[in-house]
> 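One structure coming up, written as structure tokens, with questions to follow.
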Amino acid sequence: MTITAPTIWIFFPILLGGSLAFVRNRKFLSYFSATVAVLLALMAQFVPIDKALLIGGISLKISPSFAILGRALTIASTEGALLTLIYGGAALWFFGSLAIYNTTQIAPLGFIVIGLLVASVAVQPFLYAALFIQLAILISVPMLVSLSQPPGKGVLRFLIYQTLAMPFILMAGWLLAGVEASPGDLALAVQAASMLGLGFAFLLAIFPLYSWIPMLMEDSHPFIVGFLLWILPTMALIFLTGFLDRYSWLRTSPQLAFALRAAGLLMIVSGGFWAALERHLGRIMAFGVIAETGFSLLALSLNTSAGILILFLLIPARTLTSALWSFGLSVIRNRVKTMRFSDVRGVLYDAPLAGAAIVLATLSTGAFPLLAGFPPRLALWQNLASVSSSAALWMGIGILGLLMGAIRSLAAMSITEEFTGWSSQESLPQRLILGLGMLGLFILGTFPRSAQFFLSDLPLMFERLGR
Amino acid sequence: MVLLSWIAVAIILISSTSILIARNWRISVAWLAAQYLAMFILLLSHAPLGMALVKLIAGWVSCAVIGMTRSGLPNNPAGQGIWPRARLFRLFAVGAVGVIVVGVVPSVNHIMADAGAAIASGALLLAGIGLLHLGMTSRILRVTQGLLTTLAGFEILYAAVEGSALITAALAAITLGIALVGAYLMIASRSIPAEAS
């Protein structure tokens, strides 16, 4: 019996998501979706693609390709580790929705979004990925806005900016093919690179096109925004790495390395600066996410196999940090009017674990030692310093801003009247999830090799950069 | 065919400008439908009839979706006459886009495998005026129309160099998706003042 890998990791999740849209039982949705996501992650890790398996006398083979409208969706065995990471990360959010109200749409639409984003990795030729990413973005909108809530400006900007990315990337892909055919045409190369730069500037919300992120964190449910701000940039970064891997002239261009470094530093410094000054817990997370993308761009700018390793080392830390941060914010959001500093005063006494999770997640983004974000940032810092000491200094300034944001968040949540006692109002599932999440942050920070067993295979996705 | 293509470019200029300055949403949706007809004519010179038809039908269905959704929403009498302001300014901005398009058409035509001046003009006009539209408004109906206009421009240009069925299907799905998302957001915003009738 033969089954195709895209059927398992693309079509099945999309169909399942469509079916789950009619289920209203929050507990069932949460347990069932998280279990399915974990199973898909385990299958991706342990079931080999394109090799026959004998299960109870039945020969089963997962073939990598599925033909669709004259093109192919191909999931190679080297992409198994990425699927593990994506479905494993999604399971965190699906399980987390058990303890957070108003998040029933995350599992059904989340499965569809993930299915489309996996299709974006699988589609051949790879530049068609922009189309699948765009479809995922359109599906994300109903996650962010419910029919009973007027949409904010952040959602509209999200829709506009992300949609504008697709035409630029598709055009750039076409122009890049022309550059390959005539490598001496410098003008064409500049046009292609500019198109590509603009496309990814929109897609990755690179400075100054990230204004929608803080707006979205203010307007929409932080748990859902956290999910989207994890999955969309992660897949967009993998798409960008695919471009660099595919085109050698782009990969070896010193101008591109400089542009990536400049964009990454701008995002880290501006994200850190605004996180240090911000007075809204949700918006601080938004600036943390912006800085996180900046770290990934810096890793790509190193243009070495070490840079790719750091890029993939950043992903598990980002996954856990975003999940914990958005979960903590959602717990607190249910107890306060808004997440402005003036409204969250003393909330640490009512929700100590959620408050601690927010502070630890912010510290982890700011490369605080012993937390998940520290090892990849330290490696990045060391490698960056060997390329440019001024760039390393600017990265340090951005990190300082993020750490200040953490301290200010802690101060805002802990300030209250004298002699206020601790009275944790968090439910048991909330405490369990927050506790496990914080433990995970320490484990990833103290034993960074704990994620190595699947991270080591991730760079193999890229034929040239990863080997 | 060349004459027909230039007529389509003229329709594109009139329709996209009208969408930008129209006060009545019915008129702007009707012009959007006309815009897709002009796009269909331009596509015929490069793409097979079937593919051009897919894009036309997707566009018209999108117009129907946003028109039907908008017709079910209450009008805002207080808003009548408020939007759009400064028609002259908008016309001036369209003129500026036109001048830029005239300037860049030869080079874009050269880059896009000599697709034809009419194709390049029509596509760039749509993309430019669509972007102008997106920069001028934050109203959901207008944003949806702006996105559809910009994408229509891109589709004309891209069809000249890429004829994949998968691309055509995905772009049609995206066109419909944008209209559906716009409709969804319009319904979600029914508690706040809607677009002026």
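Residue numbers begin at 1 in each chain, while the letters A, B, ... track the order of the sequences.
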> Quickly, which of A/Phe168, A/Phe239, A/Tyr161 forms a ring pair (Phe, Tyr, Trp, His ring centres under 6.0 Å) with A/Phe200? Name it, please.
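Testing each of A/Phe168, A/Phe239, A/Tyr161 against A/Phe200, the sole residue satisfying ring pair (Phe, Tyr, Trp, His ring centres under 6.0 Å) is A/Phe239.
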
> Can A/Arg333 and A/Glu218 be counted as an ion pair, charged N to O under 4.0 angstrom?
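No, this pair does not count.
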
> Counting only heavy atoms closer than 4.5 Å, note whether A/Leu144 contacts chain B via side chain, backbone, both or neither.
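No part of it gets close to chain B.
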
> Fit a plane to each ring of A/Trp230 and A/Phe227, take the angle between them on a 0 to 90° scale, and name the class: parallel (under 30°), tilted (30 to 60°) or perpendicular (over 60°).
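The arrangement is tilted - the two ring planes meet at 30° to 60°.
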
> Assess, by modelled atom type and distance only, whether the side chains of A/Ser253 and A/Gln255 contain a donor and an acceptor separated by less than 3.5 Å.
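The criterion, which ignores hydrogens and geometry beyond distance, is satisfied for A/Gln255 and A/Ser253.
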
> So, taking the atom named CG in A/Leu209 and the one named CG in A/Leu198, what distance separates them when rounded to the nearest 0.5 Å?
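It is 8.0 Å, given to the nearest 0.5 Å.
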
> Tell me which of these, A/Val141, A/Leu170, A/Thr163, A/Ile160, has more heavy-atom pairs under 4.5 Å with chain B than the rest.
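Highest number of heavy-atom pairs under 4.5 Å: A/Leu170.
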
> Give, as side chain, backbone, both or neither, the part of A/Ile137 having an atom under 4.5 angstrom from any heavy atom of chain B.
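Neither the backbone nor the side chain of A/Ile137 comes within 4.5 Å of chain B.
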
> To the nearest 0.5 Å, what is the distance between SG (B/Cys63) and CD (B/Gln145)?
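The distance works out to 8.0 Å.
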
> Within residues 172-181 of chain B, which positions have a heavy-atom distance to chain A below 4.5 Å?
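B/Ala173, B/Ile174, B/Gly177, B/Ile178, B/Val181, listed by number.
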
> May I ask you to decide if the ring planes of A/Phe126 and A/Tyr247 are parallel, tilted or perpendicular, using 30° and 60° as cut-offs?
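Because their plane-to-plane angle lies in the 30° to 60° range, the rings of A/Phe126 and A/Tyr247 count as tilted.
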
> Decide yes or no on side-chain hydrogen bond (donor to acceptor under 3.5 Å, both in side chains) for A/Ser97 and A/Arg26, but give the supporting numbers first.
CA-CA 8 Å; A/Ser97 67; A/Arg26 191 161 54 96; over 6 Å; no

> Counting only heavy atoms closer than 4.5 Å, note whether B/Ile167 contacts chain A via side chain, backbone, both or neither.
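For B/Ile167, the contact with chain A is made by backbone and side chain together.
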
> Heavy atoms under 4.5 Å from chain A: which residues of residues 5-17 of chain B carry them?
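Residues of residues 5-17 of chain B touching chain A at under 4.5 Å: none.
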
> Using a cut-off of under 4.5 Å on heavy-atom pairs, state which of B/Thr168, B/Val143, B/Thr150, B/Thr144 scores highest against chain A.
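Of the options given, most contacts go to B/Val143.
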
> Which residues in residues 103-110 of chain B have any heavy atom lying under 4.5 Å from a heavy atom of chain A?
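Residues qualifying by a heavy atom under 4.5 Å from chain A are absent, so none.
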
> Tell me, for A/Leu175 versus chain B, whether the close heavy atoms (under 4.5 Å) come from the side chain, the backbone, both or neither.
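Only the side chain of A/Leu175 comes within 4.5 Å of chain B.
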
> If we define contacts as heavy-atom pairs under 4.5 Å, which of A/Met171, A/Arg157, A/Gln191, A/Gln134 has the most with chain B?
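The option with the most such pairs is A/Met171.
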
> Does anything in residues 51-68 of chain B pair up under side-chain hydrogen bond (donor to acceptor under 3.5 Å, both in side chains), and if so which pairs, sequence neighbours excluded?
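Listed once each, the pairs are B/Lys55-B/Glu155.
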
